[in-house]
Amino acid sequence: MNELATKYNPQDVEDKWYAYWMEHDLFHSVPDDREPYTIVIPPPNVTGVLHMGHMLNNTIQDILVRRARMTGKNACWVPGTDHAAISTEAKVVAKLAAEGIEKHSLSREDFLRHAWDWTDKYGGIILKQLRKLGASCDWARTAFTMDETRSKSVIRVFCDLYEKGLIYRGVRMVNWDPQALTALSDEEVIYKEEQSKLYHLRYKVEGDDRYIVVATTRPETILGDTAVCVNPDDERYSWLKGKKVIVPLVGRAVPIIMDSYVEMEFGTGCLKVTPAHDVNDYMLGDKYNLPSIDIFNDNGTISEAGGMYVGMDRFDVRRKIMEDLEAAGLVEKVEDYVNKVGHSERTDAVIEPKLSMQWFVKMESLAKPALKAVEDDDIAFVPAKFKNTYRHWMSNIKDWCISRQLWWGHRIPAYHLPGGGYVVAESDEEALVKAIEKTGNSALSLDDLQRDPDCLDTWFSSWLWPISLFNGILDPGNEEFRYYYPTSDLVTGPDIIFFWVARMIMAGYEFVGDKPFGNVYFTGIVRDKIGRKMSKSLGNSPDPLDLIEKFGADGVRMGIMLAAPAGHDIMYDDSLCEQGRNFCNKIWNSFRLIKGWEVADAAQPESSRLAVEWFDARLNATMAEMADLMGKFRISEALMALYRLFWDEFSSWYLEVVKPAYGQPVDKTTYNETIRFFDMLLRLLHPFMPFITEELWQHLAERKEGESIMYAQLPEPNEADARLISDFEHLKEVVAGIRTVRKQKQIPQRDALELNVQSRHDSRLDPVIVKMGNISSIVVVEEKNPAAAAFIVGKAEYSIPLADKVNVEEEVAKLNKDLDYYTRFLAGVEKKLSNEKFVANAPEAVVAVERKKKADAEEKLATIRASLAALTK
RNA sequence: GGGCGAUUAGCUCAGCUGGUUUAGAGCGUCUGCCUUACAAGCAGAGGGUCUGCGGUUCGAAUCCGUAAUCGCCCACCA
């Protein structure tokens, strides 16, 4: 088998095994008697490409799913994509624009045809990329938020909520994206701190030669001013009561209103009121019945209503109007000012608050059971700290603006009637029936009904995902839904806790009456080495596919997982992947070693028998530790435990002990046990590193066609012999001591040495010491041989007689160092024990530990003193 | 403005209800080694007054208070 390359080459195996798994349909799940384990993928944007965040997220899901499969569960990981209304529509609009086609020069139907073409062309690339990663998704179940079942589910839910009175339509101040030309929900607005200016403008008082100064960050909106507001308690302005001021440049006289909303300390204490373009001003306008002048077109240019600068962009106007105000002597001063500006999450355009007719969902009643479920840990958040964030949002929840002025998405199933009013229905036919019923006009035809032009927020389909994937909205009694729902774990980023997680929980209780999942694992955000978020614009995000090419999928998975505790951001660096790749190589070479052995019908050496016994215990201990850690979603710690088991215990110790001398065969018993261990290690590794483990597992024994490590089971660990494990730890130190002596005295490994030992309690593992240290014999001595190099392990002193090679002074110095250390250590323990309060108050067990420490230290000191005496007599 | 979280070795992090021989791991660093599985490796070594200050306690990285720094979330001061 040593014709195998000395280096593992992932490219030779990855695609091969993925194809094998697919060919044998190993990812597919159907309901059966086993316990289900279900994960639904957070659907990536249909036209997106894989980035580091997906990489982390999907690696975790694959680990959970593969492990579940290997512990006897019926694991089902459902993949799919999201239509991503705004961002997909934006991409299509941009593509059309590049071809010289304006969106609105097309009919809705033609535009949608282009959008579907685009989706067919670029859609699902990301799912193909996930295969490179090894994702064991049940591809036969691949869904799309705009496929038939999901679309019908969305419409059904809309109608249901409408019937329940939880959906309403009305004119409200909403977040307007002037680039995407649509309303957004509050969650889709990202506030960014920006360096801007605070402009102090002079408003002349009507019929007076005085003026007042108003501070604003948005001078262009004076075109829509319909009042100026001051605090009623502000004595500086009490003289203004009942007066009017003239809006600069515009020349409109507007009233002074007085409201305690205005902070006297801020700016000049005078607030200009533009009800159409600011949420608070809207509130004031409402309260004081002010006119509202909408000065913007939908695209952010000045409208006719603005009266000046018509057609100019809002930011150009800001510059221009300041010039004009300056020229007119109406600018008091301009200050630097840092404020927060809302940007569209999808297009990054600066949000414009805008009054418009939109559809909303009343959230309060939906939030109640969803909040309780998380409070009660019926749905567990990992890490739990996100409960705080969730609680806060849920208990201050606002109505959800669900309409978007887009064409790409689920069209709102509302039909406007000729004489005003509307009906909501799941189909055109039903709408007509309802319309006739409502109007009493039996002559109505479909042509008389105007379907509402708006689409629904993307998240209005995503929040149904765990339900609609199993057709639980349209057919809640179906077998699959009853089997797979509620799903087990959800793995996602904390950035979509409100967008998605919270809403799925609400949907679960509202539409099914049960939670959508049991645990939510929040991943960290992948950052670069210096802590910056990975982003396209910074160019600091590696392409995951390049990494897979370079380090292998297993190496990348391993590397990224080593650094990823739940909820902690991860600092990505290529060295992590290198570590993963190196580990693959280590596994590969261990395999080469074992497969290179010749097997003989010989007696098993005692050292090998002991090593087998020990490693069996070690393996079981780690299996138990991993099960515990995985149960707590401490995945990276479980992986680290396994990494160390394989590398430090199995490769560095077990294999070195049982490895036959060069050219010698290995006995059959040891060989079989070694294969058994390797098989079990591969199983443990498989969820983390699916490809290399499949490759080696297939080589390890004859396998039937279609057989796979994917379904090799992980047994419950046995009770591990803790005593044997700790004895072996002692042994490792002894061997290390021998190695140190060899190194210091420049004695090659091939020269056998005698080992002396004093005050030792156990000789059970001596054959292993003999083999690992190349020891000719272990001799128990009463007194230290002065011509021997010594070292202490635990309470025992070991020494290697070396005659002339030993420098007595050095040995004495070494012993004195130990003497000093343990003397001080003993002093510390004695101090504790002589403290009456400690002995009186500390638990008995703790005191006993200290007494044991004291006794051990005294015994050790006695040994050291005796050796020193022997050396210096 | 409110809240939450963090601060432990050069880096990334464990350290769970205070008491595991005077704080652990991985990576990196340094020193030897091309030893017949693996230099993507092997054998070793060094490295921390647990962010500062105060408190509680027989005992504090761990609990409390406080300050600083960083991060995140929420909020209608233009």
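Chain naming here is simple, since letters A, B, ... match the order of the sequence lines and numbering starts at 1 in each. This one's a predicted model, so the numbers in the text were calculated from it and none came from an experiment. In what follows, every heavy atom counts, from backbone to side chain, and hydrogens, waters and symmetry copies are set aside.
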Paired with [N] by Watson-Crick or G-U wobble geometry, both distances under 3.5 Å: which nucleotide is it?
{"N": "B/C16", "result": "none"}
{"N": "B/C70", "result": "B/G5"}
{"N": "B/C50", "result": "none"}
{"N": "B/A43", "result": "B/U31"}
{"N": "B/U21", "result": "none"}
{"N": "B/A75", "result": "none"}

A/Phe838 and A/Glu850, any side-chain heavy atoms less than 4.5 Å apart: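 A side-chain contact under 4.5 Å exists here.
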Rounding to the closest angstrom, what is the interatomic distance between [N] and [M] at atom [atom1]?
{"N": "B/A9", "M": "B/G2", "atom1": "P", "result": "32 Å"}
{"N": "B/G28", "M": "B/U12", "atom1": "P", "result": "15 Å"}
{"N": "B/A43", "M": "B/A37", "atom1": "P", "result": "14 Å"}
{"N": "B/A61", "M": "B/U22", "atom1": "P", "result": "12 Å"}
{"N": "B/C34", "M": "B/A40", "atom1": "C1'", "result": "14 Å"}
{"N": "B/C16", "M": "B/G32", "atom1": "P", "result": "40 Å"}
{"N": "B/C73", "M": "B/U20", "atom1": "C1'", "result": "38 Å"}
{"N": "B/G48", "M": "B/C4", "atom1": "C1'", "result": "29 Å"}

Shortest side-chain distance from [X], nucleotide among [options]:
{"X": "A/Phe825", "options": "B/A14, B/A78, B/U22", "result": "B/U22"}
{"X": "A/Phe838", "options": "B/U21, B/A14, B/G19", "result": "B/G19"}
{"X": "A/Asn589", "options": "B/C58, B/C38, B/A40", "result": "B/C38"}
{"X": "A/Gln579", "options": "B/C38, B/C13, B/G26", "result": "B/G26"}
{"X": "A/Lys586", "options": "B/G15, B/A78, B/A37", "result": "B/A37"}
{"X": "A/Met571", "options": "B/A25, B/A37, B/U12", "result": "B/U12"}
{"X": "A/Asn582", "options": "B/C72, B/A37, B/G41", "result": "B/G41"}
{"X": "A/Phe498", "options": "B/A40, B/A78, B/C74", "result": "B/C74"}

Pick base, sugar-phosphate or nothing for [X], based on heavy-atom distances below 4.0 Å to the nucleic acid.
{"X": "A/Phe551", "answer": "nothing"}
{"X": "A/Tyr191", "answer": "nothing"}
{"X": "A/Val214", "answer": "nothing"}
{"X": "A/Tyr261", "answer": "base"}
{"X": "A/Lys272", "answer": "nothing"}
{"X": "A/Gln746", "answer": "nothing"}
{"X": "A/Glu263", "answer": "base"}

Can you check whether [X] has a side-chain N or O nearer than 4.0 Å to OP1 or OP2 of [N]?
{"X": "A/Lys595", "N": "B/A37", "value": "no"}
{"X": "A/Trp647", "N": "B/C42", "value": "yes"}
{"X": "A/Arg742", "N": "B/C42", "value": "no"}
{"X": "A/Tyr337", "N": "B/A78", "value": "yes"}
{"X": "A/Tyr643", "N": "B/C27", "value": "yes"}
{"X": "A/Lys398", "N": "B/A75", "value": "yes"}
{"X": "A/His568", "N": "B/G5", "value": "no"}
{"X": "A/Asn841", "N": "B/C58", "value": "yes"}
{"X": "A/Lys340", "N": "B/A75", "value": "no"}

Between [X] ([atom1]) and [N] ([atom2]), how many Å, whole number?
{"X": "A/Met561", "N": "B/C27", "atom1": "CE", "atom2": "P", "result": "17 Å"}
{"X": "A/Asn774", "N": "B/C42", "atom1": "CG", "atom2": "P", "result": "21 Å"}
{"X": "A/Phe499", "N": "B/C73", "atom1": "CZ", "atom2": "P", "result": "11 Å"}
{"X": "A/Leu593", "N": "B/C42", "atom1": "CG", "atom2": "P", "result": "13 Å"}
{"X": "A/Asp573", "N": "B/U12", "atom1": "CG", "atom2": "P", "result": "11 Å"}
{"X": "A/Leu833", "N": "B/C58", "atom1": "CG", "atom2": "C1'", "result": "11 Å"}
{"X": "A/Leu826", "N": "B/U21", "atom1": "CG", "atom2": "P", "result": "15 Å"}
{"X": "A/Glu733", "N": "B/A43", "atom1": "CD", "atom2": "C1'", "result": "16 Å"}

Taking ring-ring contact (aromatic ring centres under 6.0 Å, His included) as the criterion, tell me which of A/Phe583, A/Phe691, A/Trp588, A/Phe551 meets it with A/Tyr8.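 For A/Tyr8, the ring-ring contact (aromatic ring centres under 6.0 Å, His included) check succeeds only for A/Trp588.
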Among A/Trp653, A/Phe646, A/Trp647, exactly one meets ring-ring contact (aromatic ring centres under 6.0 Å, His included) together with A/Phe650. Which residue is that?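 Looking at A/Trp653, A/Phe646, A/Trp647, the match for A/Phe650 under the ring-ring contact (aromatic ring centres under 6.0 Å, His included) is A/Phe646.
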Considering heavy-atom distances to RNA chain B, does A/Val846 or A/Met264 have its closest nucleotide positioned more toward the 5' end?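 Final value for this comparison: A/Val846.
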Contact nearer the 5' end of RNA chain B, comparing A/Lys659 with A/Lys385: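 Upstream on the strand: A/Lys385.
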Is the number of heavy atoms from other residues, nucleotides or ligands under 6.0 Å of A/Glu836 CD greater than 12?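 Counting neighbours around CD of A/Glu836, 12 or fewer heavy atoms of other residues, nucleotides or ligands fall under 6.0 Å, so no.
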If you draw a 6.0 Å radius around CD in A/Gln195, do more than 12 non-hydrogen atoms from other residues or ligands fall strictly inside?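 Check passes, neighbour count above 12.
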Assess whether one donor atom and one acceptor atom, taken from the side chain of A/Glu656 and the base of B/A37, lie less than 3.5 Å apart.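 Indeed, a donor on one side and an acceptor on the other fall under 3.5 Å apart.
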For the base of B/A43, is there a side-chain donor-acceptor partner from A/Arg739 under 3.5 Å away?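 In this structure, the two groups form no donor-acceptor pair.
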Which atom names give the shortest non-hydrogen contact between A/Cys401 and A/Ser185, and what distance separates them?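 The pair with the smallest heavy-atom distance is O-CB, 3.9 Å.
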Residues A/Asp856, A/Lys852: salt bridge by 4.0 Å N-O rule: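 Answer for the salt bridge query: yes.
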Just by distance, with hydrogens left out, do A/Arg618 and A/Thr622 show a side-chain donor and acceptor under 3.5 Å apart?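 The criterion, which ignores hydrogens and geometry beyond distance, is satisfied for A/Thr622 and A/Arg618.
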Hydrogens and angles aside, do A/Asp12 and A/Asn9 bring a side-chain donor and acceptor to less than 3.5 Å of each other?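 On atom types as modelled, these side chains qualify, holding a pair under 3.5 Å.
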Evaluate side chain to side chain contact (heavy atoms under 4.5 Å, CB included) for A/His343 paired with A/Glu194, printing each intermediate quantity in order. CA-CA 11 Å; A/His343 291 252; A/Glu194 282 180 11; 2.6 Å; yes
